[in-house]
Amino acid sequence: MALSRSFYTQRSPAVLAHDLLGKYLVFGDKTGRIVEAEAYLGPEDQASHARFGVTKRNELMFGPGGFAYVYLIYGMHDMFNVTAGSKRTPGAVLVRAVELVEGFRGADPKAGAGPGKLCRAFGIGRVQHNGCDLTTDRGIHLADGRLRRSEKVATSPRIGVDYAGEWAARPLRFSIAGNPAVSR
DNA sequence: GTTCCGATGCTT
DNA sequence: AGCATCGGAACG
């Protein structure tokens with residue numbers, strides 16, 4: 001059962017990134033469990049694509065939550081983001097790592113440990129999936145899930161945004177502490 | 001174990 | 001020019 005529109009629209013990017021830990025990423029016969037996510041905020045966030053205002057690439061970040069924002073980086077890796085909030089609180093959450101739960105027989109157990117790797121593993125790409133609605137059971141969606149009693153959330157600075165000045169240090173990366181599928 | 005580098009194409 | 005990355009090579 002896909003998470004509802006309001007699940008995404010009622011949360012700021014930072015809260016959504018935190019709350020996505022333990023949720024399931026589902027696409028076709030493939031299922032992963034989210035263990036790492038990063039929040040990217042609005043124009044004030046100097047690490048966010050939104051820092052340039054609305055552009056052709058990032059316009060989904062300024063719309064309602066619950067849509068896929070998928071883009072290509074370094075000419076070869078797709079990044080899967082979930083839009084958060086509403087027009088008042090633009091932003092998105094980068095899904096950085098999942099545990100492989102189902103549909104990955106024979107795959108490297110670390111094939112979901114990284115934002116580029118998980119897109120490759122799930123067959124998620126910008127050309128096919130940018131802008132797709134995540135609230136339908138058909139196609140890519142997220143399903144409810146919980147952290148275990150023993151699992152704790154770790155926060156840290158976001159990866160790969162050293163250019164962003166003081167924003168680079170903000171604790172907007174969330175992960176399940178000690179989980180082996182976390183990207184680093 | 002660490003650090004460095006090239007791949008490869010879209011964005012500002 | 002630089003990038004919300006990755007895998008392999010080089011080094012010690």
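Given the structure is predicted, the values throughout are model-derived calculations rather than measurements. Chain letters run A, B, ... following the sequence lines, proteins first, then strands; residues in each count from 1.
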task = Using Watson-Crick or G-U wobble geometry with both distances below 3.5 Å, tell me the partner of dA4(C), or none.
result = none
message = Counting only heavy atoms from other residues, nucleotides and ligands, does the tally under 6.0 Å from CZ of R5(A) exceed 12?
response = yes
inquiry  = Please report the distance, rounded to the nearest Å, between CZ in R173(A) and C1' in dT5(C).
reply    = 14 Å
ask   = Any chance CD of E102(A) has more than 12 other-residue heavy atoms, nucleotides or ligands included, within less than 6.0 Å?
value = no
request  = Name the nucleic acid region contacted by S183(A), choosing base, sugar-phosphate or nothing; use a 4.0 angstrom heavy-atom cut-off, strictly under.
outcome  = nothing
request  = May I ask you to say what R57(A) touches in the nucleic acid, namely base, sugar-phosphate or nothing, with a heavy-atom cut-off under 4.0 Å?
outcome  = sugar-phosphate
inquiry  = At 4.0 Å (heavy atoms only), tell me whether K56(A) reaches a base, stays on the sugar-phosphate, or touches nothing.
reply    = nothing
query = Do H49(A) and Y69(A) have side-chain atoms, one donor and one acceptor, less than 3.5 Å apart?
reply = yes
note = By the Watson-Crick or G-U definition, both distances under 3.5 Å, dT8(B) is matched with none
query = Do R11(A) and F7(A) meet the cation-pi criteria used here (NZ or CZ under 6.0 Å from the six-membered ring centre, within 45° of the axis)?
reply = yes
query = For residues Y8(A) and Q10(A), is any side-chain donor paired with an opposing acceptor at under 3.5 Å?
reply = no
request  = Write down the distance between CZ (R51(A)) and P (dG2(C)), rounded to a whole number of angstrom.
outcome  = 13 Å
remark   = Atom CH2 of W167(A) and atom C1' of dA4(C) are separated, to the nearest Å, by 15 Å
ask   = From the list dT12(B), dC6(C), dA4(C), which nucleotide is the closest neighbour of the side chain of P115(A)?
value = dC6(C)
Ring-on-base stacking dG2(C) with Y163(A) (under 5.5 Å, under 30°) = no
Residues within residues 61-90 of chain A bordering DNA chain B, heavy-atom distance below 4.0 Å = L72(A), Y74(A), G75(A), M76(A)
Note: R158(A)-E38(A) ion pair, threshold 4.0 Å (strictly below) = no
query = In whole Å, what is the span from the NZ atom of K110(A) to the P atom of dG7(C)?
reply = 10 Å
